Amino acid sequence: MKRIAIVGLQWGDEGKGKMTDVLANKADIIVRYQGGDNAGHTVKFDTYTYDLHILPSGVIHPHVTSILGPGMVINLETFFHEKKPFLNASIKVSNRAHLILPFHKTLDAKKEETQHIGTTKKGIGPTYSDKINRQGLRVASLLNKTRFIDEANALASLHHIEFDAKQYYETYEKEIKALIPNIIDVSKFIDEAVNKDQHILFEGAQGVMLDISHGTYPYVTSSSPSVSGIPAQVGMAPWLLEGALGIVKAYSTRVGEGPFPTEIHDTLAHNIREVAHEYGVTTGRPRRIGYLDLVSLKHAVRVSGITHIAVTLLDVISEMDVIQVCTQYQLDGQSIDEVPAHIEDLSRVKPVYEALPSFKDDISKITTYAHLPKAAKDYVEYIAEALGVDIAYVAVGPKREQTIEVKNIWEVTGD
Ligand code: IMP
């Protein structure tokens, strides 16, 4: 396969950054296709740890061209700060991506006072709102200082917020000028790369259950992490995508508010949080912990057309005496195997669990699938079979080297 998507199948924080980093060795281009600096992707190798929020996780590989796609919302402050250590990296930005301006963060914080979604307060929702309302500023506006100032001041007035667009532009003028040669038409760039038969990875942020259409609305982000959103957001034909690697954490986590049917409330949640350091990379908030939820995972696989999975944080399962997996929901006395569309119904579902044997071994140094304990393999295979997908990778720790390759997804052929 030459064009592959990487997408989180839960509520984000599944380990997409690490898997993008692993697949980057073969990639020519990595495109972040949605979201902004609400994301937090941790990549660890040797003694280095990189927390990336806006740059694609392949940026640490010098041979990769990193692209911030048209479906993204970009905070210049984060962007310029984050790209500083990557002096020799090739980083390109879509002329159609939208700009998060400082007042979008103010608007986000203000809305949170009444709406309580538990957003990252990075201004994501208000920036996408301006985009859909046909009044946002795109990266192309940066190409002309006067035009940017007029447009940004007009937008601030629409929101009844004081804003000095000239001062803002001048704060970043040097960096903007340096960026201009790398502001591109991403659709055209990808078209040319496809014609050159290059390997392209499409890297999602957040997860399918936070998708604006298919997630647990309204407790979602304001973009579409689902694979089905990629062609529209990047500007390419849907049939050019050849495969989709869904990242499944071996248990569930969620940050922010919203229903979480399999949430664990006892000390097990605390133990998992501490062992796996389940705290938000962007906000530092403790993540809520839950058992694996096959109902929502099947939904995520279906809406995203997942072909393969990577099961991450499998080592953490040794904290559980028994592995509980939610196979169905009960709602008003009925068994259901789909995710209710209305949030009030979703908040009332009761999970039905199947218990599987756990394992207590330390698997963090195991490097081949065959050497994993039987209960660990049985669990991974149980997940894959339930979801009707192939296993490509299993991660047994946070480092790049702690990823077991079952099948190299780049080498999968179409038959
Ligand atoms: P927003 O994307 O900041 O508007 O936040 C909307 C919801 O998505 C909140 O519940 C956030 O906690 C959640 N969210 C946003 N980005 C991430 C992420 O990278 N990982 C996990 N949750 C996220």
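Order of appearance sets the numbers: ligands from 1, and atoms from 1 within every ligand. This is a predicted model, so every value here is computed, not measured.
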(message) Checking E354 against T327 for the side-chain hydrogen bond (donor to acceptor under 3.5 Å, both in side chains) test, could you report, in this order, the C-alpha distance in whole Å, the side-chain angles of both residues, the deciding distance, and whether it holds?
(response) CA-CA 7 Å; E354 187 172 332; T327 54; 4.9 Å; no

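- Considering T282, T78, N38 in turn, T282 is the only one that fulfils the side-chain hydrogen bond (donor to acceptor under 3.5 Å, both in side chains) rule with H53.
- Looking only at protein heavy atoms, the nearest one to atom 6 (C) of ligand 1 is V220 O, 3.3 Å.
- Every N/O-N/O distance between S222 and ligand 1 stays at or above 3.5 Å.
- Shortest contact from atom 10 (O) of ligand 1 to any protein heavy atom: V255 O, 3.3 Å.
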(request) Would you please test K105 and D108 for salt bridge (charged side-chain N to carboxylate O under 4.0 Å, His left out) and show each step? (result) CA-CA 5 Å; K105 287 171 71 170; D108 197 354; over 6 Å; no

(request) Determine, step by step, whether D390 and K407 satisfy the salt bridge (charged side-chain N to carboxylate O under 4.0 Å, His left out) criterion, reporting the C-alpha distance in whole Å, the side-chain angles of both residues, the deciding distance to 0.1 Å, and the verdict. (result) CA-CA 9 Å; D390 284 344; K407 191 177 276 183; 3.3 Å; yes

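- Of the protein's non-hydrogen atoms, the one nearest atom 5 (O) of ligand 1 is T119 CA, 3.3 Å.
- Close approach of ligand 1 to Q206 is summarised as follows: ligand atoms under 4.0 Å from at least one heavy atom of the residue are 15 (C), 16 (N), 17 (C), 18 (C), 19 (O).
- In the vicinity of W11, heavy-atom distances shorter than 4.0 Å reach the ligand 1 atoms 21 (C), 22 (N).
- Pairs passing the salt bridge (charged side-chain N to carboxylate O under 4.0 Å, His left out) check and including a residue from residues 244-262, sequence neighbours excluded, read K249-E278.
- Using the six-membered ring where Trp is involved, H159 and H104 have ring planes that are perpendicular, over 60° apart on the 30 and 60° scheme.
- Looking at A39, G215, G40, G118 and measuring to atom 11 (C) of ligand 1, the nearest heavy atom belongs to G118.
- For ligand 1, the atoms lying closer than 4.0 Å to a non-hydrogen atom of R285 are 11 (C), 12 (O).
- Taking the six-membered ring where tryptophan is involved, the planes of Y279 and H277 are tilted, since the angle between them lies from 30° to 60°.
- Q334 and Y329 form no side-chain donor-acceptor contact under 3.5 Å, judged by distance and modelled atom types alone.
- Closest to atom 20 (N) of ligand 1 among all protein heavy atoms lies D13 OD1, 3.2 Å.
- Sequence neighbours left out, not one pair with a member in residues 61-76 passes salt bridge (charged side-chain N to carboxylate O under 4.0 Å, His left out).
- Closest protein heavy atom to atom 2 (O) of ligand 1: T221 OG1, 2.6 Å.
- For atom 3 (O) of ligand 1, the candidate residues are T282, L210, T120; the nearest heavy-atom contact is made by T120.
- Each of the following atoms of ligand 1 lies closer than 4.0 Å to a heavy atom of I117: 10 (O).
- When non-hydrogen atoms are compared, ligand 1 lies under 4.0 Å from neither the backbone nor the side chain of Y219.
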